Structure formats: structure tokens, C-alpha cells
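Within every chain, numbering begins at 1; the chains are lettered A, B, ... in the order of the sequence lines, protein sequences first and strands thereafter. Fair warning: this is a prediction, and the values are worked out from it, not measured in the lab.
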Amino acid sequence: MKDKPILRYTANERSNHWAVAILFFMAALSGLALFHPALFWLSHLFGGGPWTRILHPFMGVLMFVLFLGLVIRFWRANILTANDRLWLRRVDRVMRNEEQGVPPVGKYNAGQKLLFWTLLLCMLVLLLSGVVIWRAYFSQYFGIGGIRLATLLHALAAFVLVLSIIVHIYAGIWIKGSVGAMVHGWVSRAWAKKHHGLWYREVTGEDRSDSHIGKKG
Amino acid sequence: MDLNRRQFFKVAAIGLGGSSLAALGMAPAPAFAEQVRHFKLAHAHETRNTCPYCSVGCGLIMYSQGDAAKNVAQNIIHIEGDADHPVNRGTLCPKGAGLLDFIHSPSRLQYPQVRKPGSSEWTRVSWDDALDRITDLMKADRDANFVQKNAQGQTVNRWLTVGFLAASASSNEAGYMTHKVVRSFGMLGFDNQARV
Amino acid sequence: MASQDIIARSATTTLPPSVRQQEEVAKLIDTSKCIGCKACQVACSEWNELRDEVGHSLGTYDNPQDLSAETWTLMRFTEHENTVGNLEWLIRKDGCMHCADPGCLKACPSPGAIIQHANGIVDFNQDHCIGCGYCITGCPFNIPRISQKDHKAYKCTLCSDRVAVGLEPACVKTCPTGAIVFGSKADMKEHAAERIVDLKSRGFEQAGLYDPDGVGGTHVMYVLHHADQPQLYAGLPNQPVISPLVGLWKGMSKPLALLAMGAAVLAGFFHYVRIGPQRIEDDEHPAGKDPSVREVDPAVHVFDPSNPGAQGEDRP
Amino acid sequence: MTNHWTDIANANLVLVMGGNAAEAHPCGFKWVTEAKAHNQARLIVVDPRFTRTASVADYYAPIRTGSDIAFMGGLINYLLSEDKIQHEYVRSYTDVSFIVKAGFSFEDGLFSGYDAAKRSYTDKSGWGYEIGEDGFAKVDPTLQDPRCVYQLMKQHYSRYTPALASQICGMPEDSMRKIWEEIATCSQPGKTMTILYALGWTQHSIGSQIIRSAAMVQLLLGNVGMPGGGVNALRGHSNIQGLTDLGLLSNLLPGYLTLASDAEQDYDAYIAKRALKPLRPGQMSYWQNYGKFHVSLMKAWYGANATAENHWGYDWLPKLDIPGYDVLKMFDMMAKGQVNGYFCQGFNPIAALPDKNRVMASLAKLKWLVVMDPLATETSEFWRNVGPYNDVETATIQTEVIRLPTTCFAEEDGSLVNSSRWLQWHWKGAEGPGQARTDVQIMSELFLRLRERYQREGGAWAEPILKLNWPYKVAHEPSPEEIAKEFNGYATADFTDVSGAAFKTGQQLSGFAQLRDDGSTASGCWIFCGSWTEQGNQMARRDNSDPYGMKQHLGWAWAWPMNRRILYNRASADLQGKPWAPNKRLVWWNGKTWGGTDVPDYKVDVAPEAAMNPFIMNPEGVARFFALDKMAEGPFPEHYEPFETPIGINPLHPGNKQATSNPAGRVFDSVWDSLGQAKDFPYAATSYRLTEHFHFWTKHCPINAVTQPEQFVEIGEALAKEKGIVAGDRVRVTCKRGHIEAVAVVTKRIRPLQVNNQTVHQIGIPLHWGFTGATRHGYLTNTLVPYLGDGNTQTPESKSFLVNLEKI
């Protein structure tokens, strides 16, 4: 049965991802409210300025904790390989939706892997700097210099994180079928074969690989 | 949730629209009034007084709530230096600047009290009881110990077994009355706080 | 607010009404006349109805030891032996400097929580304060404090309520020796100049005025016997400026970041428009049976190749 | 103060010594900063500690506590030997030319007439002027007579060499000379120095003589009676000047009139002894009018009952068998069980008096104690056990304590006399809390109750009580206005005075010159006469103008005597009646009368040619370097060590034990055992007040408690290092009488001094804490102070005692 779909994400994995996603949006919106006056109105989504100030750090910490869940689940699949370097070199073809010369991809392509590690790094920075500028509980333990540095780092990390997520979302919109994969878990065999060939073969055990693709390119 | 091209356009449009609205400052119009705290002495009642602490004798203005009308219990809410006073010219030292807390000190006594011999507590009494009690004690002691003549038979008319320490900050009027009364009793053990 | 026009307002991109030409006020603190009596401390608490808690003596004359939400000004004492070995007891009244370029206001994210009046007063409005403490991060003099009672920021208001009705601040009125004076900034500078002449006649060659331009000048100024070493006075900053970190954070980075985020969204949008999504063409019309594929449930295969059909998720 | 607060601005040099004006009187100190800023004045501070006054001084020098006479003696020696004195002033306005009796001598630290057994000078017959046949004192205008005051003074202070003075004071000789030179410049007529002192001078066993030595310096410089000059006692409390003026002391009556002693049974002799006749021709000797003041007082107190027949109620006043029953004497009697009842009116003796433990024990011997106070004082709760701060056995204390709540300044009308002798009226702003009553009402109700009991039951010598004049409209609560009018004075009969002015019965008098000794005038306090005239309440005047720009403000309130702002101001003009210098003009002779920027302290119509001298209260008309028999320890100030001395000997008289400490100091027999010695208690301690607090009052105010919350002691860095103490440690300070514990403030502001070739460390002990109030509980500092004092004023030696120090 050729159209038999493949399970890409289990229910737990999906829930974990979306929990992180929801918390990201809350943290990001509340953070943006405190970051730029033009977006302060977003604080109304959280019950006004003081509530935004109170909730933001808790949302952040929770997001970090849940994100750790994703890390534990997926870090192995995100280790960069030789193919990934080739893939990155040919990312322009990827962007042009060309397949010639783009090396086959495992469960995740190099872009996804980079995103993964970037998110982890940003979240770590956000957590640490966030603690330093958390007035209600921790700031008294740090010098004014440290607090100033932390504030800046917090903003920078948040900035990078938001950008990465924008890319991530767009990728989801761009690559048809991937959103579905994270919503109900299943991808079509064709989708898997096209976007994650190696992973496809791994899960299907298909040995006759189209290894010629590589040579061709 | 696969978007097709058309759907995506909608989403993007809404997104951009939203953020551009934000950029235009969809925040509630900022209120520029009520930035400064209301001036609390606008209609307070002013009374001139003199600082009771040291002997510079700084002039004070006491501000109290209410306009001294019949139905108002004047309550002093602020004390400030009297700018007309030639010595302090409106200034006050840390003690004087805190006089409000002296008037309203938690240590202010409210009613007469008696501590009985050996007791470890105060018991509240009425003014009449307190004053009658003191009168009894004084009369008994004066009648018992008053010295009209000394050993040489000279008239001395003194009472030495009861003493009186006068204050250092009570008014001249209070001091004068105290002196007048205390001497009329024949007291010599009479002193004030001039030295300490 | 005729006497209190606002010229700057935190987290507000538009300009507040501020056409009236108002004279700037200033408080001048003459450390050479200050006897450290703390009358200003008490007068400040009395006028502003603040009662800090009764603390401890830590073996110095500084009490309270630091500014707090209930202590907006305090004396800082320093015992200094000068070059000729004579002892000097340097006493400085610490508190908000009311900068012309206030770091607190720059850092504040909440519209209207910090405002700068045309007369130079920088005032906090606790109604709008959200308690984030960014003002502390932004202040070059480390002045604002967050109350642990209501989690709002507090500091000296230069008695904006008194100044609004034409009075001097409470600390100025009370100062017994005239070490604190108040008036137009111009007059205060002139007064300072006279004091400096007197101090030089008494051997303080380096006497001078402290009105740091790193923060655009201040509306609380000091006359110092040692203007060349302000740090002698309990660490009064030598050249105070808004920290470059804060400048970066609340300066260019704000618009640039928003721009970048917007750009990212647009980039995606146009990529989609120009290149379009990636689809699996053959998804549209399913191909016939491919013999090359074994009739195996790949999901099961994923989980346990050695034990076919053991477990696996139901098909949708 | 001979001068007054705003007048300090006229000074060219300000010497703050034996006081800490900036901290204790900040608003008065304003005029020092004004003098500095607008009169180019210099400020010199001499103090054991580098105080907050020193922090704004042009020159500071440390001095060992209790050695001030050595400093002043050395200065007098310097001024005389360098001839830096205001010659014309000294020759004309002081007693330098007066010849002293042959009986006067000074040997090895003791003046003539000393009785070692009685520890006092029982024979002061030699301490006086030679009197000629004409009944006037003999003088030698050439000042050559070896017995004239000038020569005797020169001889007396020749011993105070800079080296010796520096050895006694522990002040480096060069610092001392620098200060002396600066001071000496004020002998020029156009330059004046003011001296500001307070308890730092009075609270020594030689306090009065320290102040005399300062007065002598000011006379040599011609700075008494001058604007920006004078000897200025900065009084401690808001009305202690007034209460002293009103004679609330054991041996006084209002206006510095004195009670009779047992021996003075004859009224006329009593008056005659006090109505001093002039000792030089043409002098005023104002005390000649003593009788008028006394009779007017008795008329105010006893009204119609005081008559010539009963000598104006002479016998209704108690007589003294000893110099006086001051507070130290009373508590000593209390300790012996000789006192049964005691009143404390706004006075907190266990905190304020020396040797708290002794005072506690005395109070516990009372049968009853009445406390009238606005606040819950330690004294009213002396029986309460408060752990280490007041460790007493409550149950064993059999004293009945009655505590009466009184109003405070804000809750009553009335007048206070500040240190400038200004009587200032104040107004009530609110009712007192709860049932609080005014002192006037309490005293009146007590009197009325007692009088009623004596009327009903009779009793011991009821006359003075029954006869007391009580004319008040509301008997139990006389109004402040009625009382003020009474102490000002009024006519009790119609009369016409020498000037021909007619007075009607009941008319308010406008000055003490109108008082009479025939019973036609009443005045409760003659020096206050003029404070409430027919023109109304002069104390409430609020004209702060200053027409001559000399900061005299004659239109503000009212100053005694006769609204004069600077005492002896006639001395500000030379013999011809012209101001010594144009920038120092105060009063001058305009050809017909005296007048100027101040009310002349002089007879306004006496021309300079009449040679009436400026010091009109003295029979000789001049100021005294030689104190005659007025002082307990001698006519010239001599340095004696504190009773607890860190060096054990008096470097001036190393051989004479009797002359180590004040031979005529006030020491009760029971006290000697409570005195410590340097071998056990090596450090010289001094107690004092801080600017953040007022005595034992402001610790009851939360807002002030915050600014100095906890008791501390100040220790120099050197001693702290020696003892391994760092700032913030808790330390125990011990003396023979007890101990206190407090936080250590380690400071550069107290340095070790080289005294008599040994190192003396000093320890500073502020005194504001106790076991009631809003501050953290603390020990009563006076636990450490010895129970002895000055032989003239009975002021305790709170500024010099010995302690030991240990880290806890």
C-alpha cells in the first residue's frame, strides 16, 4: 500500500512542542510589551503592565523547562553530520525549491538542526539573564553592572529567538505537510521520501536508495 | 492545517495590519494631567509656635486639619519653620523637622495612672482620684515633717522631706505658677534641669 | 499643571505639549556648609509621609544605611585624610540628581511612569509604574528603589507638589546652615561661583561645581571642596553617563529589532510569493501500487523490526 | 548668652569650645556659616572629638577632656606676655587697676583660706579689694602696684607656658600657638571673636572656672559687650533660661533674688546685704534696688496680705541652713531615706542625672513619686524590669508612682525664653491627647486642693498657703495671659513716680525702673518687667526688621532686661561714647542720650564725662578678672584635673595631692568609693549628645529614631586596633559604677593624645538611648557618670570620667 502514511511525531512529542509554542508566544508578547513602547499595549493581553511584569518571568521559566523536554527527545536527531554541511552549502537550491544536488536528509535537515541548537542557546541565555533582572526575587544579589549586562543580553537573546521562530513558522508554512506532521503526527510516504529521504529509508527499511542523486549532483 | 496561497495572504495581511496599528500606537491615549501629587496644605489652619527642644527658640508654623470650626477637632498634620523668624528663618534641625512625631508619639500619655507599691503594672485612675491621692500624701507628710524652727530656735519654715524637680521646657507661665505654689508649701528641695 | 509642563514622558514616542518657556529650577548642595545633621532627611520623610523602619547602627553615622522606597535622601559620611595629613569629614546628601538626560526615563517601559517637567524635575508616577526596575538599571547614580510593599519604584520628587505651588522643596526649606539652596538653575550656578571663591580663599584650590554634562547636567548640583575627586564623597561618580549597555538596549536596538522582525516576516512573505511552497506533486494523483515496497506497516517497523505487529499507533 | 544668635553673624572669629554648636544648635549655627560666608569669619573648633562642627571649621585642634583651663590660662599668659590686648578697654572697663587685699595668696595650687577637712575655702576674707577711708576700693591706674589685679593675674598665669599647657591638654604646641595667634588678632577694636560653649564646659568639676577663664580672655580682647563678641552659653533646653530666670532652683527667687539663710532673721539686714552700694565713685551698682524687686515679688505672690508690718511676708518664705538643696543633694538625702515624696515635672532624672544605679536606688527609697510628663519616661517606669537595660526587682520596690499626662508645646499658649534671653509667645494649635492637662492646671488644682484641706483641717504652718494671692478668673486653670501679666508687674495702688508719671491701680508696668519697695507695685519676676505692658503682649511682637543692618531685630518678641539684645553694650563704645569701630557700632552717645542699634544697657542720660562704667550690675562698675569671693575655688581660674584623671597628678602641682582635682569640688562622702583610677580604668571618657536626637525625647519619635536607631560608642582607630575592635562590633564600657554595652563606631576623628608624656586614649559616649521609646533599647549612658560636680553650680562631671573597654 503505497499511500500508507508514516508517524513522524507521537502524541507526547506533539503536545510538548505545542506547549512550548504557546508559552513562547506569551513570553514573547509580554516581553515585546516591555521591550518597545510601541508594543506596550500588548501588556493589556496579560492584565496590564504590573501583571505583565509579574507573569513574564514565570512564563519564561516554564517555557524553558518544557523546552528541555524537547531537547531530551530530539537532541540525538539534531547532531550535525557531513551531509548537513553539504546541505548548508547548497541551501540556496533548497530555497529555490530545487532538489538537484541537495543531499538526502535524515529526520531533520541542517536548517532544522541549527534552529534547534540556536533555540537551546537563546533559552539558556534568557533564563540566566532573566534571573539576574528578576527584581522581585533575585536582583538584590547582583551588582548594577551585572544587571545592566543581563538586561542587554536578555533583549538580544530574545531578539534572536523571535527571529528564529519566525523562520521556523515560515518553514512550516512553506513546506507543505510539516505543520500537519506536528498537528496530527502523520506524514505521507511521499513527503517523507522527498524531504527526509534518509529518515524515510530508515523507517521503511528500504535499501534500494536513490543514491545516484548524490552522484548526479 | 495546510494553507493554500489564498489563505496565506489573508493571514499575512492581518499580521502586518496588526503590527502596523501597533506601530501607530494603538496604546490608550496617555493622560498628562494628575502627574503631580496634590498639595496637602491648601486649606490647612496655621498656628505659630516655638520649638520645644533646644534654646535657639526656632519659630514654627503648625498646620492642622480643619478651619477651627466648632465641629472640628484640630489635628496637626505638618510642622514647618517660620520664615519670618529672625533666627531660624524657616529652617529646622532634624529634631525640629520631626516635631510632628513628638506630638503624635506612641509614647504620649493619655490619662492618669498609678503604679501600686510592688506592682509591675499601671492602673488607670480618674484625675480626681489622682489629685486627691497626691493631696493626701502631701498634707500628711508636710504636717508630719514641716520644720518651723531650727535647733537655735530661728524661724526657718521649711519642708525638706518632699522635693520637686521642675522641667526645662515648660512655659514661663507654668514655671512661674510652679514656683509660686512650691514655695508657698515651704519646699527647698526644688530644682530644674539647668545642668543636665 | 501650568507650572509643571512635561517635556519628556517614559515609553512615549510622541511629544507631549511643551511650548511654554519655563525656567529650569535647581537645588544646590554645598558640601562645605553641610554639617550632616540629617534635617533634610527628616524633613523629607515628614513632608512625604515616609517612615522607614528603625534599623541598626553598623558602626557608622550613616542611618539608614542606604536609600529605600521610604528613604529618598540620606547623608553619606566619609573620613578623609588630605594630602597634608589633616582630617576632613566629607558629608554628602545623596538622592536623585534630576538629570537633564535621565537614564531612568530612558529605560522605563511604561508610558507615563516617569516624566520630566519643563522645570527640570524628573518625577515618578506610581500609578503607571509596573515595578520592572528598569529605572534602577538606567540610573547612572543608582538612586531609584523598588518598594517591597507595593513593588513600585520610588525616589526624590524634588517635592514636585511644593514646587508646583511655588514653594521650595522640604529639604531646602529646613536646611539649618543654608547648605541646600533652591532657585533657577542660573541663579544657583551664580551662587555656587561665589561659594567657590570663598572656598579657594580658605585653601581649597580644587573647589568647584558638580553639574556633570555626561547626563546633560543635573538639577541637583553640588559645591565640592575637591571637585577634582568627586569619588571622595562616598563614590559620587566622576563622569556619570547613562551606561553604554543601557544605551544600546534602550537606544538603537529597539527600532532595529522591530525592523528586523518585520523584515523577517516580509522576507517569508515574498519568498512564498516568488518561489512558493514545496508540495509533493504525486500527492495530487496517487500512483499505482509499487512492488518495490513491502507490505509492512512502517510505524511498527520503526518501533520494533524484530517483532512485527507487536505495537503501534492506529491509523487515522 | 551675653549676645544672641543672629549677632554671631557680626563675628570675625568664632571659637567653638566646650560645645558642639553645629550638632546641638544647628539653626543657631546658621549664623556661624553666615559670618563665614558674608563676614569672612574664621571658625576654630577645639574639642576632644572631631565633631560635625569641626567638619566645617577652618581650624581644629584636639584637647583632652577637662583640660580647658590650661588652654585658656596659656592663652591669657600669651596675650599678656605678647601684649595682645585691647588696652583702653581693659584699663577703663575692667578691674585690672584694683588693689587686692594683702590677705590674698596662692601657693602650690591652693588659694588662701582653705580648710582641708571641710574641703572648702572657709575663710575668703582675703579675696577682696583694699577699701580706702572713703569707703571706695583702692586702685592704681598705672597698674604698677604688685597687688593690683593686673600684676596678680600676670603672675598667676605666668606658670601656664605653652609647653606646660600643651602637656596638660595633649594638644600639639604648634596647633595651640596657631590658634592663640588667630585669637590674638581680635584685640584690634574692629575685630571681635565670639565664644560659643555649652555643656562641654559646664559639666566639669571646674566648669564655672573654665567659663570664667574664657570671659577673662574676652575682656582682655575687649570683646564683651561688642557685636559679634561675648561669652555665649548655648543653653540646652527650650526654656531652661526662662526657668532659671524665674528662679526654679533651691536657693533662688524669680529674677536671681536669693532666699535667706537661717541666720538672716532680720528682714532689713537681709535686704541691706543684697542692696550693694557702689564701690567706686559715680557707679550705678544697680542691685541697690534689690528691695524694690523683692517687695514687688512678694506683692505679686501675697497681694494685700504682704504688708510692711509683716515685712512683706518674709517669714512665709523658707530659709536655708545650707547653700542649697539641689538635685544632687536631694538624691543623696533620698538614698539615706530622708526624703519621702518627690515630683518630677517634665524631667527624667534616672536618665539625666549622674550614676543611674545610685539614682535608681534612691528613687526606690521613696514612699511616693509623682511624674508629670507628656511622654512615658524611664523615670516613671524605673521600677520595671527591662532585662539588662534596667535590671531591677520590681516586687521589692515599694514606691507608689502616680503618672499624670501633660500637654506639650503645641497644645498650650505661653512664652519661652531662648538662649538669647528672648521671651517668645506661642499659641495653641490643638487639644492634648486623651485627658492630658497643662502643668498650670495641675499645679493649680494641687494647690487649691491643699489650700482647701488646710482651711478645713488646719495643719503645719498653713499661713503661706492660705495667704497666697490667687486672683485668677478660673481658679483651677489660670490663663497664661493672667500669669504673664502678673510676672510682668502692675501697680497695686495709684502713685506718681519721680519722673512725674502717674500710675493707676491695676495698670501694667513697662519696666523695672518703675518698681517700688513701698508695696505699690507687684512684679512676679522683675527682669521680665516690660514683657506685657499697657501696650499689650510684647513677647508676641513679630517685627523682624533690622534698620541698622546689625542683626539686632529689636521689634521681634522681647528680650530681658528691657529688650536689650547685647548685655554690657555700653562697652561697645569708647570712653567718649563713640563706637570702638564703625563696623561694630551698637550704642553711642549722641550728645544728649545713649541710643543706637540696641537698647542701651546703661542709664540713657548719663554723659560719658560722668565716667559711669558699663558693668552697671557690679558695685565697682567694671568687669572682674578677680572674682572676689564669688567662686568656690578661688578668684582666678586654676586648672585642676577631673576627679577621675587619666594621669593621676596635676602637672601644675605634681607634689600636692590636695590640688590634683578641684579642692572645693562638690563630692558627697558616700561617693569617694565609687571613683575609679587610671590603673583599672585607663581611658578618658566623655559623654555627649548627637544632632539626630534631642536628649531623651526624640527617641520617642519614629521619624528621629530612624536616623540614629541604636546606641553606640566612638573609639579612635588606634585604640580599636589595640583592642581588635572593628566598626560594628559590640563592646562593653565599664567604670567603677557600672557598665554599658553598645555598638562600636571606629573613627579617625578621635586620636590618642600625648598628655604629661603618656598616651591618653579618649572614648566618646553619646547618651540618647534608654528602655522606653521608638529606638532600639539601650543602656542609660549616665550609668557611667560619677555622682559629683562643680562646687558653684553643682553641675555633674558628665564630660570627664574613666572607663575600661572590652570587645564582647
Nearest-0.5 Å distance that lies between atom CG in Asn97(A) and atom CZ in Arg274(C): 12.5 Å
N/O donor-acceptor pair under 3.5 Å between His151(C) side chain and Pro50(A) backbone: no
Worked check of side chain to side chain contact (heavy atoms under 4.5 Å, CB included) between Thr137(C) and Arg135(A): CA-CA 11 Å; Thr137(C) 314; Arg135(A) 284 279 163 196; 3.6 Å; yes
Side chain, backbone, both or neither of His195(A) within contact of chain C (heavy atoms, under 4.5 Å): side chain
Interchain contact, Cys139(C) with chain A, by part (heavy-atom threshold 4.5 Å): backbone
Toward chain A, the part of Pro140(C) with a non-hydrogen atom under 4.5 Å: backbone
Residue pair Ile166(A), Met261(C): steps toward the side chain to side chain contact (heavy atoms under 4.5 Å, CB included) verdict: CA-CA 8 Å; Ile166(A) 290 172; Met261(C) 293 179 198; 4.2 Å; yes
Interatomic distance, Ile275(C) atom CD1 to Glu98(A) atom CD [nearest 0.5 angstrom]: 9.5 Å
Arg53(A) side chain vs Ile130(C) backbone, donor-acceptor pair below 3.5 Å: yes
Under 4.5 Å from a heavy atom of chain C, the part of Leu34(A) involved: both
Side chain, backbone, both or neither of Ile144(A) within contact of chain C (heavy atoms, under 4.5 Å): side chain
Donor-acceptor contact below 3.5 Å, side chain Tyr170(A) vs main chain Ala264(C): no
